[in-house]
Amino acid sequence: MLIQRHAPMLRPLTTAHLAQTMSLLELTALELRQKVEAELARNPALELIDEYRCPTCARILRANSPCPVCSHPQVSSPDQPIVFLSSRQDFYPASSGKTSLDEFSGDDYPPAKINLAEHILRQIGPELALEDRPIALHILTSLNDDGLLTVNPTEIALYHHVPRSRVEKTIRQIQATDPLGVGSTSPQEALLVQLEILGETLHAPSLVAEAIRAGLELLSPHRSTDLARSIGIPAAQAKQIVRFIADNLNPFPARAYWGEPSQTFARDPNVYHLPDIIISRVNDTDDTPLVVEIAMPYYGTLRVNPLFREAIQNAPEDKSELWQTDLEQATLLVKCIQQRNNTIVRLMQRLVVIQRGFILYGETHLCPLTRAEMADQLQVHESTMSRAVSDKAIQLPNQRIIPLAMFFDRSLHVRSVLKELIAKETSPMSDANLAILLSGQGYPVARRTVAKYRAMEGILPAHLRSQAR
DNA sequence: CTATGGCACGGATT
DNA sequence: AATCCGTGCCATAG
């Protein structure tokens, strides 16, 4: 009887094991930490003890206290990076006030990825009247990727049975937060809001607002004569206005955010992400070893509670089955997390060696690398690599936080060479010229591709570059 | 006539 | 199997 009950349970275990390994790998450390927290609270078989093993000398230590012996990592050679799982509790900067989307409650952790809605909520959360919160949530969940509102404010008002003015008041509050103009119903409105707020500190040329109202399509650089005619001003003034708008305003407030193929309005996109991995250098020499810290999903050591394992022998009849599955799940979770960490550690050990140039000297030195190649080197499946890389953020020695996927960008190095080329040029070169030049430097790219890269970097076409600066 | 952007196709990547 | 990316062809703006 016992055997019969156990045999069928083993099968699902193996498939479940695989399934869970997969799903854990693609989580960021913070997401995983939340999952672990939840399991700890629910599953009595799991326990978290306040100690960990020093990555360098294998001593057992209290969690979050550095190893007295190895407080400085031992020096190793440039091609022998120091890679370890970090239990530092200050790995992530503390969050300021908790205002997460899910009902302003719950987690004490700063989310690893803050989406636009949460980012805004953090800013206005405190000053938002309680009864306006449902309205704000409605607005924030109706934003598209550009940060524009996709539903009619009247609809929102009707839905919540409030006057339209209440909704508009909330929208105005939202528009004044960081991606300035976010929550507007149209690009025009967004521009006007930005103008209004920036105008307080910035000196804006006169008639900018009129220009914006004249229509977005007239704001493109080559149509300044049309714009001039439309609002009755000299062409030079129109040009100046267009310039001001292009430099300071953004018709799609959220375009500068991460994950976007943000071309024209690329800005430093890193502010809203917390690293899963931190790389630092030991000294300032060129052959400094690199230190790679990988965020642990918890502090201390997660393990199956030995007491629980014993207690299960004489469990009460009605609880026996439940405890058994709890125990299996706990074991599984611990194993899977170990496997996840192991994969990431091995990945980083290779990656840091291959992309050393990129890490130390920047984009130009990025060596084109595909996830598939990496998977091959590490003897793991391609999809495993894909999951390990996706969604993770990594901090470089120069403090920049970038998506881990950037290490696998196939065109970044060519783009950065292109950027340099254009920066150094004396007279603007056409795309065709640039294509030939790049081929000469060992980057065979088609003329059309140069154009695409240019657009990606937000560089204007040749005939417009001449007047700039 | 030249330079550039749009559309779409095919091959690589995930 | 779905997606992304480089490229060729063509229309259009200058």
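The structure presented is a predicted model; accordingly, all values stated were derived computationally and were not measured. Quick note on labels: first sequence line is chain A, next is B, and so on, each numbered from 1.
- Overall, the helix from B/dC1-C/dG14 to B/dT14-C/dA1 carries an axis bend of 10° between its ends, with five pairs at each end and the value rounded to 10°.
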Could you tabulate the donor-acceptor pairs under 3.5 Å formed by side-chain atoms of residues 441-449 of chain A, not counting sequence neighbours?
none

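- The separation between A/D431 atom CG and B/dG6 atom P is 13 Å, rounded to whole Å.
- When rounded to the nearest whole Å, the span between CZ of A/R448 and P of B/dG5 equals 7 Å.
- Going from atom CE of A/M385 over to atom P of B/dT14 covers 9 Å, rounded to whole Å.
- Contact annotation: side chain of A/R447 to base of C/dG8, donor-acceptor pair absent below 3.5 Å.
- Partners of A/N152 according to the side chain to side chain contact (heavy atoms under 4.5 Å, CB included) rule, which considers only residues two or more places apart in sequence or in another chain, are A/T154, A/E155, A/R164.
- Legend: residues meeting ring-ring contact (aromatic ring centres under 6.0 Å, His included) with A/H138, ordered by chain and number and at least two apart, are A/Y159, A/H160.
- The side-chain heavy atoms of A/I279 and A/V352, taken from C-beta on, include a pair separated by under 4.5 Å.
- Where A/N433 and A/E382 each meet DNA chain B at their nearest nucleotide, the meeting point lying more 5' is that of A/N433.
- The nearest whole Å value for the distance from the NE2 atom in A/H463 to the C1' atom in C/dG14 is 7 Å.
- Spacing between atom CE of A/M429 and atom P of B/dA3 amounts to 13 Å, rounded to whole angstrom units.
- By the side chain to side chain contact (heavy atoms under 4.5 Å, CB included) test, A/L412 is found to be paired with A/F358, A/E363, A/L366, A/M406, A/D409, A/R415, residues two or more places apart in sequence or in another chain being considered.
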Once base and sugar-phosphate atoms are separated, protein heavy atoms under 4.0 Å mark nucleotides 1-6 of chain C, 5' to 3', with B, S and - as ----SS
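- Partners of A/N43 under the side chain to side chain donor-acceptor pair (under 3.5 Å) rule, at least two apart in sequence or in another chain, do not exist in this structure.
- With sequence neighbours excluded, the residues that form a ring-ring contact (aromatic ring centres under 6.0 Å, His included) with A/H365 are A/Y361.
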Side chains of residues 374-381 of chain A: which donor-acceptor pairs under 3.5 Å do they make with residues two or more places apart or in other chains?
unit_1	atom_1	unit_2	atom_2	d
A/Q377	OE1	A/R350	NE	2.8
A/Q377	OE1	A/R350	NH2	2.7
A/Q379	NE2	A/D376	O	3.3
A/H381	ND1	A/S383	N	3.0
A/H381	ND1	A/S383	OG	3.2

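- Near-neighbour residues of DNA chain B inside residues 368-380 of chain A, defined by a heavy atom below 4.0 Å, number-ordered: A/T370, A/R371, A/A372.
- We find that CG of A/L434 is positioned 12 Å from P of B/dG5, with the value rounded to whole Å.
- Put simply, the side chain of A/T384 does not reach to within 4.5 Å of the side chain of A/R387, judged on heavy atoms.
- By the ring-ring contact (aromatic ring centres under 6.0 Å, His included) test, A/Y453 is found to be paired with no residue, residues two or more places apart in sequence or in another chain being considered.
- Every residue two or more places apart in sequence or in another chain was checked for a ring-ring contact (aromatic ring centres under 6.0 Å, His included) with A/F408, and none qualifies.
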